[in-house]
Q: 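Supplied in structure tokens, the structure appears directly below.
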Amino acid sequence: MTFGREMLEHWTIDPDTTYLNHGTVGVAPRCVMAAQQAIRDEMERQPARFMLRQVSHLVGGPTGEPTLVRRAAEEVASFLGAEGDDLVFVDNATSGANAVLRSVPFQAGDEILLTDHNYGATARVATFIARERGAVVRTVAVPYPCFDPGRLIDEVERAIGPRTRLAVIDHITSESALVFPLAELARCCRERGVAILADGAHAPGTLPLELSKLGVDWYVGNLHKWAYAPRSCGILWARADRQTGLHPPVVSWGLDQGYLAEFDWVGTRDPSPWLASPVGLAFLRELDFEAVRRYNHDLAWRACEELTERWGGAVERDEESVGCMVTVPLPLAFGSTPEAAFHLRDRLLEDDHIEIQVHARNERLWVRVSAQVYNEWSDIERLSDAVARRIPPS
Ligand SMILES: Cc1ncc(COP(=O)(O)O)c(C=O)c1O
């Protein structure tokens, strides 16, 4: 299989756009969208039957057959190295994080540990819950921009105190695109009696996963980013002893009926993203998951090395900390404010037709390059040229 621009035929992305932002909201391949449409067509032939007797078993006697949701969950779980009954679908990683954070019975004075690279929305959920329960959010500073995984583990270990109840740790961070040493962080928390919620929004489809062996208590992820599922397809994995008392953010018929009953039906909603997700995984396998990972990683790492050098920075991370995205420091002349980041992002999109994430952090601007099989080196060159043209005069 030859990866690069010709792979765009499998996606509906506008060919006039240089799409270097796969990580933000994901992009479903054509075959997955076709499968999703076929599911919707089937659903609309007999909607009540489909929703109440096939997607769920809310109506009708026991059939002995698993529901369509359970069947899809089994397939997803086997891809993620988990048991089907430990995995439920959620609409997105945010919903999964809400479920866990709202379900943990925090007492006044308990601490929730975050890092300063947690995704902003997840950090806000923690802040909201802490405010409601009189708990405290404690934030660990990630060693950055010079990233050192060993120092991160030390910092987390140092921050754990007698009241630390839960740590919310990213598997792959959002803006900085760092792959964290999750298994080691989980061990550090476990040894100190601290539960760990892993935020793997970017991990399925980026990293080979064995969720049941990571040592975490809960894992939330998205399939709609790197695992080629349609949008609104996230997962929540919970260790067997962490399933009781875990409730979805939207409580429905399944209350107190067990983990799967609680999450598998959360009101009438479109089940097609969940049901079509195995087709995304099948496409990933067809392309050869290992080859996809290698191609995306190599492109991201080359972008890291070459762009950093061109823009006068220093590479301050190991290749191991890079998955399919990489965050590169822009020339200092671009300034350091969020407004400058918005401005550059807008100009790159509107004038240069380059879709990419730009942000301000640590007193400068950064771009986050996503590498997907439809990208190739010429996309990175186009970005490099556009940035060079836009460097403000000093
Ligand atoms: C680390 C991380 N967590 C959570 C999310 C939220 O994902 P969603 O909007 O699909 O819930 C993102 C989104 O980019 C993310 O990067």
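Just so we're clear, the structure is a prediction, and the values are computed from it rather than from any experiment.
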Q: Locate the shortest heavy-atom distance separating Thr337 from Leu365; write the atom from each residue and the value.
A: O-CD2, 3.5 Å

Q: With no hydrogens and no angle check, is any side-chain donor or acceptor of Glu363 less than 3.5 Å from a backbone partner on Ser336?
A: no

Q: Output all residues satisfying ring pair (Phe, Tyr, Trp, His ring centres under 6.0 Å) with His22, sequence neighbours left out; order by chain, then residue number.
A: Trp226, Tyr374

Q: What residues form a side-chain contact (heavy atoms from CB on, under 4.5 Å) with Ala291, not counting sequence neighbours?
A: Phe3, Asp288

Q: Between Tyr259 and Ala238, what is the shortest heavy-atom contact and its length?
A: OH-N, 3.4 Å

Q: Please confirm whether the backbone N or O of Ser232 pairs with a side-chain atom of His224, one donor and one acceptor, at under 3.5 Å?
A: yes

Q: If the threshold is 4.0 Å, N to carboxylate O, is there a salt bridge linking Glu74 and Arg71?
A: no

Q: I'd like to check Trp274 versus Arg269 (side-chain heavy atoms, cut-off strictly below 4.5 Å). Are they in contact?
A: yes

Q: Output the distance between atom OG1 (Thr327) and atom CZ (Arg368), rounded to the nearest 0.5 Å.
A: 6.5 Å

Q: In a table with atom names and distances, give each donor-acceptor pair under 3.5 Å that connects a side chain of residues 29-40 to protein atoms at least two apart or in another chain.
A:
| residue | atom | partner | partner atom | Å |
| --- | --- | --- | --- | --- |
| Arg30 | NE | Glu9 | O | 2.9 |
| Arg30 | NE | Trp11 | O | 3.4 |
| Arg30 | NH2 | Trp11 | O | 3.3 |
| Gln36 | NE2 | Ser272 | OG | 3.1 |
| Gln37 | NE2 | Asp41 | OD1 | 3.0 |
| Arg40 | NE | Asp270 | OD2 | 3.0 |
| Arg40 | NE | Ser272 | OG | 3.2 |
| Arg40 | NH2 | Asp270 | OD2 | 2.7 |

Q: Closest approach of Ile196 and Cys189, non-hydrogen atoms and distance?
A: CD1-SG, 4.3 Å

Q: Is any side-chain heavy atom of Asn296 closer than 4.5 Å to one of Gln372?
A: yes

Q: Are the side chains of Leu101 and Leu166 in touch, meaning some heavy atoms are under 4.5 Å apart?
A: yes

Q: Is the closest side-chain heavy-atom distance between Asn222 and Pro204 below 4.5 Å?
A: no

Q: As a quick check of understanding, evaluate side chain to side chain donor-acceptor pair (under 3.5 Å) for Thr24 and Asn21, giving each step before the final call.
A: CA-CA 6 Å; Thr24 289; Asn21 202 6; 2.5 Å; yes

Q: Ring-plane angle category for His117 and Tyr144, please: parallel below 30°, perpendicular beyond 60°, tilted otherwise.
A: perpendicular

Q: Quick check: are there more than 12 heavy atoms from other residues, nucleotides or ligands sitting under 6.0 Å from NE2 of His10?
A: yes

Q: The criterion is ring pair (Phe, Tyr, Trp, His ring centres under 6.0 Å); which residues satisfy it with Trp237, sequence neighbours excluded?
A: none

Q: Please check if the number of heavy atoms outside Glu381 that lie under 6.0 Å from its CD is greater than 12.
A: yes

Q: For a 4.5 angstrom cut-off between non-hydrogen side-chain atoms, does Leu287 reach Tyr295?
A: no

Q: Would you confirm whether Gln357, through its side chain, and Val369, through its main-chain N or O, come within 3.5 Å as a donor-acceptor pair?
A: no

Q: Between Phe89 and Val220, is there shared hydrophobic-cluster membership here, with clusters defined by ILVMFWY side-chain heavy atoms closer than 4.5 Å?
A: no

Q: If you take all heavy atoms of Phe263 and His247, which pair is closest and at what distance?
A: CZ-C, 3.5 Å

Q: Below 30° counts as parallel, above 60° as perpendicular, anything between as tilted: where do the rings of Trp301 and His297 land?
A: parallel

Q: Has the side chain of Arg231 got a donor or acceptor atom that lies under 3.5 Å from a matching backbone atom of Asp91?
A: no

Q: Sub-3.5 Å donor-acceptor pair from the side chain of Asp346 to the main-chain atoms of His343, do we have one?
A: no

Q: Taking only Lys NZ, Arg NE, NH1 and NH2, and the carboxylate oxygens of Asp or Glu, determine whether Arg302 and Glu305 approach each other closer than 4.0 Å.
A: no

Q: Enumerate the salt bridge (Lys or Arg N to Asp or Glu O under 4.0 Å) contacts for residues 175-198, please, sequence neighbours excluded, ordered by first and then second residue.
A: Glu157-Arg192, Glu175-Arg361

Q: Can you find a heavy atom in the side chain of Asp379 that is under 4.5 Å from one in the side chain of Arg5?
A: yes

Q: Please check: side-chain N/O of Asp148 versus main-chain N/O of Arg151, any donor-acceptor pairing under 3.5 Å?
A: yes

Q: List for me each residue that meets ring pair (Phe, Tyr, Trp, His ring centres under 6.0 Å) alongside His353, sequence neighbours excluded, and say none if there are none.
A: none

Q: With sequence neighbours left out, write down each residue that passes side-chain contact (heavy atoms from CB on, under 4.5 Å) with Arg45, or none if nothing qualifies.
A: none

Q: More than 12 foreign heavy atoms under 6.0 Å from CZ of Arg49: is that the case here?
A: no

Q: Measure from the side-chain N and O atoms of Ser370 to the backbone N and O of Gly23, and report whether any donor-acceptor pair falls under 3.5 Å.
A: yes

Q: Who else is in the cluster with Val136 when I, L, V, M, F, W and Y are joined by side-chain contacts under 4.5 Å?
A: none

Q: Which side-chain N or O atoms in residues 121-132 pair as donor and acceptor under 3.5 Å with protein atoms at least two apart or in another chain?
A:
| residue | atom | partner | partner atom | Å |
| --- | --- | --- | --- | --- |
| Thr122 | OG1 | Asp199 | OD2 | 3.4 |
| Arg124 | NH1 | Gly120 | O | 3.1 |
| Thr127 | OG1 | Ala123 | O | 2.9 |

Q: Atom OG of Ser384 and atom CH2 of Trp377: how far apart are they, to the nearest 0.5 Å?
A: 7.5 Å

Q: List the atom of Pro338, the atom of Ala360, and the distance in Å for their closest heavy-atom pair.
A: N-CB, 3.8 Å

Q: If the condition is side-chain contact (heavy atoms from CB on, under 4.5 Å), which residues does Val100 pass it with, not counting sequence neighbours?
A: Val104, Leu197, Trp218, Leu236, Leu246

Q: Are the side chain of Arg70 and the backbone N or O of Gly84 linked by a donor-acceptor pair below 3.5 Å?
A: yes

Q: After noting the C-alpha distance and the side-chain angles of Glu290 and Arg293, does the key distance pass the salt bridge (Lys or Arg N to Asp or Glu O under 4.0 Å) rule?
A: CA-CA 5 Å; Glu290 266 318 297; Arg293 280 176 17 78; 3.1 Å; yes

Q: Kindly work out whether a path of hydrophobic side-chain contacts (I/L/V/M/F/W/Y, heavy atoms less than 4.5 Å apart) joins Ile235 to Tyr119.
A: no

Q: Excluding sequence neighbours, so at least two apart, what forms ring pair (Phe, Tyr, Trp, His ring centres under 6.0 Å) with Phe106?
A: none

Q: Roughly how far, to the nearest 0.5 Å, is CG of Leu383 from CG of Asp352?
A: 9.0 Å

Q: Any side-chain heavy atom of Asn98 sitting closer than 4.5 Å to one from Val90?
A: no

Q: Do Ser176 and Phe147 have side chains that get closer than 4.5 Å, going by heavy atoms?
A: no

Q: Answer yes or no: is there an ion pair linking Asp385 with Arg382, defined by an N-O contact shorter than 4.0 Å?
A: no

Q: Any side-chain to backbone donor/acceptor pair from Arg165 onto Gly109? Under 3.5 Å, distance only.
A: no

Q: Between Cys304 and Val328, which heavy-atom pair has the shortest distance, and what is it?
A: CA-CG2, 4.0 Å

Q: Are more than 12 heavy atoms, taken from residues, nucleotides or ligands other than Trp253, located less than 6.0 Å from that residue's CH2 atom?
A: no

Q: Between Ser174 (side chain) and Asn118 (backbone), is there a donor-acceptor pair under 3.5 Å?
A: no

Q: Decide side chain to side chain donor-acceptor pair (under 3.5 Å) for Ser95 and Asn92; before the verdict, give the C-alpha distance in whole Å, the side-chain angles of both, and the deciding distance to 0.1 Å.
A: CA-CA 5 Å; Ser95 304; Asn92 44 51; 2.9 Å; yes

Q: Who pairs with Thr164 by side-chain contact (heavy atoms from CB on, under 4.5 Å), at least two apart in sequence or on another chain?
A: Glu111, Leu113, Ile160, Val194

